[in-house]
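Since the structure comes first, as structure tokens, the remarks are kept for the end.
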Amino acid sequence: MFPYLLAAILLISLSGFYLGRKQASNLRSQTKLHSLPQYHGYFIALWCGIPTILLILLWTALEPILLGSLIRSHLESQSGGLTPTDYVIMTEEVRNLAAGVALGTQDPLILETAEWMRSLQQSSQWSMVVVTILLAMLIMAFTRSKVAPGFKARHGVELLFNGFLFISSTIAILTTIGIVLSLIFETFRFFELVPITEFLFGLKWYPQIAIRADQVAGDGAWGAIPVFSGTLLISFVAMIVAGPIGLMSAIYFSEYASPKMRGWTKPILEILAGIPTVVYGFFAALTLAPLVRDGGIAIGLDVEARSALAAGLVMGVMIIPFISSLSDDVINAVPQTLRDGSYAMGATKSETIRQVIIPAALPGIVGAFLLAISRAIGETMIVAMAAGLNANLTANPLENVTTVTVQIVVALIGDQEFDDPKTLSAFALGLVLFVVTLILNVVALAIVKKYREKYD
Amino acid sequence: MSQKKNNGSLVTKINSSDVRVFYDQTEALHGVNLEIYENSVTALIGPSGCGKSTFLRCINRMNDVIEGCRITGKITLDNEDIYDKGLDVVQLREKVGMVFQKPNPFPKSIYDNIAYGPQIHGLAQNRQEMDEIVENSLKKAGLFEEVKDRLNSPGTGLSGGQQQRLCIARAIAVNPEVILMDEPCSALDPIATAKIEELIHELRQNYTIVIVTHSMQQAARVSQRTAFFHMGDLVEVGDTDDIFVRPEDKRTQDYITGRFG
Ligand SMILES: Nc1ncnc2c1ncn2[C@@H]1O[C@H](COP(=O)(O)OP(=O)(O)O)[C@@H](O)[C@H]1O
Ligand SMILES: [Mg+2]
């Protein structure tokens, strides 16, 4: 039903376009029009299409809700004395039956109500068809009557288009605000259960608490410091790898590589950025972590099977292209006149790079590093697979640590209820993570922007 | 081309013979023969795109940096071929400094901008010697009084004219014999321009200066000799007074009287 109706509306809009354009062209042969004929066409088509389609969407969204409450009050009036949960279950059964899912229910009340619901749905659907098509036709008739030499159809179309773009951007902004608000709201609920001081300053993180009475588990401890220190440790290892390599390769690409060389090596580096992080993750867990362990043992070091080092190394490889392409942009933005000035003083290429280009590009490079760090901090898949689960407060990269993102994953899988601190802790961790990366991004972008302005 | 004789007492510092420059396949200079005399200012003039900058960049081999640029012919500095295989460009550029069209101070302090060259060429043994070099260079460039209290603030914070004098001081700091200037005043206001022109006058005592300029008044004011380029050819060269008063070639005449350019 739905696709046919949509097609019908589109057809009406389309014919509205042609009719309006034709009508306006006819007028145009006699007088001068304010708007070109096609604008009259667009005006009619958009007004026929958009409100009706919105109505269809609204109808489709509201129908189940209205029918649901109708059914429920019907059930309540027909059978007394049941708990609210029973009614919810019964309504669900009716809904399923009406949708054609046989559940083998014999209850005559439910069977009868389902039948009733089906007929209600049918009439609702048909009335939707009739109403919307009528509406589209009416609008078409009305808007066609407005086609006149002085009618400002172009302005109308612009206005509609503006409105459309405005609504799209509003949706994007509202969802962002919604997500942040829910994050904040749930975090407050967490802090009702766990003191904020314990979360921010506590040194122990044991989220394993008993959900059911028969489970054996600890009482839980919610000190987030070891979790954040794990994130910092792994990000630090990653930056040790990615910082120098990314920067050096950026320098190579922008200053040394011939255009031909650059033409085929840069895309290869950019492929690195396109590898899904889950692939990096199992590479870290299955290939690199054992290697690091064996290597460590061979030289007499005690390396754990899941070490911060292994996860950090792979994360570093992941962010190399990020650092290198951002730094490359920044280095390329250093004006050629500075290079010329340095060469003309008799400086060699490497002297010029070290003493002129890098200092000139430094703010931008710092910005690139900050963006890369915020990327590393928020990275989930690699650490979920390659880092550990124990919140271990250590600075030793050979040990097992966990990260904020891993703990969020852990909190939200498996047995969970929405009001226990384990689940809610995910929101608190997420909020802190969000704030940290937000600050990093804002600072980094501000630095990069200022740097760009300097050389424009 | 006519090469008018000079007044006799001058020594040839730079001599170019049949210099041709190619950018990829296009020939931008068609065989330039030009003598440049010691301790004098030689102005290169001509309509834009005629190859003035190209020729200037040949003298300190800055064209080496440009991809696809090729040069034939011979240029000597004190009778030594500067395109000789055994010659080190780093040493050449120590002797031949350059000042660019747009002031391009390095993103460093005023002090470090000047110290850059001496440090690269190892001209100072210790901090004290470096301080002296910096101070002397700034004095010679007529900038010292204006910046002596803020040697550690960034060079990019100076005004355009000060930046250009900083760039001249930077070039002087390595004790060059020749200073090349490519339209050094084209980005400056008249007052800053006057200061630079005055400076060029003073520098002439100790350095050989080659200056590209699009302003004929400037050429007349600062130079002793003028070379007129047109479409990759050196059309005419001679004493500045002669060139402006009695140009021999029709094209020079047209340019000077403002008929084209
Ligand atoms: N880097 C370059 N690549 C290719 N062609 C160039 C380059 N620099 C200059 N040219 C060409 O060489 C000719 C002379 O240029 P230039 O020496 O800059 O002239 P001028 O300084 O007299 O205005 C021009 O035709 C210009 O297009
Ligand atoms: Mg030029």
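Every chain is numbered from 1 and lettered A, B, ... according to where its sequence line falls, protein lines coming before strand lines. Because the structure is a prediction, the values reported are computed rather than measured. Because only heavy atoms are used, hydrogens play no part in the values below, and waters and symmetry mates are left out as well, while side chains stay in.
- Only the side chain of B/Gln119 has a heavy atom closer than 4.5 Å to any heavy atom of chain A.
- Counting non-hydrogen atoms of neighbouring residues, nucleotides and ligands closer than 6.0 angstrom, the NZ atom of B/Lys74 reaches no more than 12 such neighbours.
- Interface check for chain B: of the options A/Gly346, A/Pro259, A/Ala347, the most heavy-atom pairs under 4.5 Å are formed by A/Gly346.
- Residue contact with chain A, scored on non-hydrogen atoms closer than 4.5 Å, involves the side chain of B/Val65 exclusively.
- Residues A/Tyr343 and B/Val89 have side chains not in contact (no heavy-atom distance under 4.5 Å, counting atoms from C-beta outward).
- With a threshold of 4.5 angstrom between heavy atoms, B/Lys108 approaches chain A through side-chain atoms but not through N, CA, C or O.
- Heavy-atom distances place the side chain of B/Phe100, and not its backbone, under 4.5 Å from chain A.
- The 12-atom threshold is exceeded at CD of A/Gln336, counting heavy atoms of other residues, nucleotides or ligands nearer than 6.0 Å.
- A/Asp340 contributes atom CG, which lies 7.5 Å from atom CD1 of B/Ile66 (distance to the nearest 0.5 angstrom).
- Put simply, of B/Glu94, B/His121, B/Arg93, B/Gln101, the one with the most heavy-atom pairs under 4.5 Å next to chain A is B/Arg93.
- Here the OG1 atom belonging to A/Thr348 is positioned 10.0 Å from the CG atom belonging to B/Asp88, to the nearest 0.5 angstrom.
- Atom OH of B/Tyr83 is surrounded by more than 12 heavy atoms from other residues, nucleotides or ligands within 6.0 Å.
- Annotation: maximal heavy-atom pairing with chain B below 4.5 Å, among A/Gln355, A/Arg339, A/Glu351, A/Lys349, occurs at A/Gln355.
- Looking at B/Glu67, the atoms closer than 4.5 Å to chain A (heavy atoms on both sides) all sit in the side chain, from C-beta outward.
- When all heavy atoms of B/Met98 and A/Ala344 are compared, the closest pair comes out as CB-CB, 3.9 Å.
- If you measure heavy-atom distances from B/Val99 to chain A, you find no contacts under 4.5 Å at all.
- The closest side-chain heavy-atom distance from B/Arg170 to A/Met345 is below 4.5 Å.
- The number of heavy atoms from other shown groups lying within 6.0 Å of CD (B/Glu80) does not exceed 12.
- Here the closest heavy-atom approach between residue B/Asn104 and residue A/Gly341 is recorded as ND2-CA, 3.5 Å.
- Of the atoms belonging to B/Pro105, it is backbone heavy atoms, and not side-chain ones, that fall under 4.5 Å from chain A.
- The heavy-atom pair separating A/Leu338 from B/Phe106 by the smallest distance is O-CE2, 3.6 Å.
- Heavy atoms only, all atoms of each residue included: B/Pro107 and A/Pro359 are closest at CG-C, 4.2 Å.
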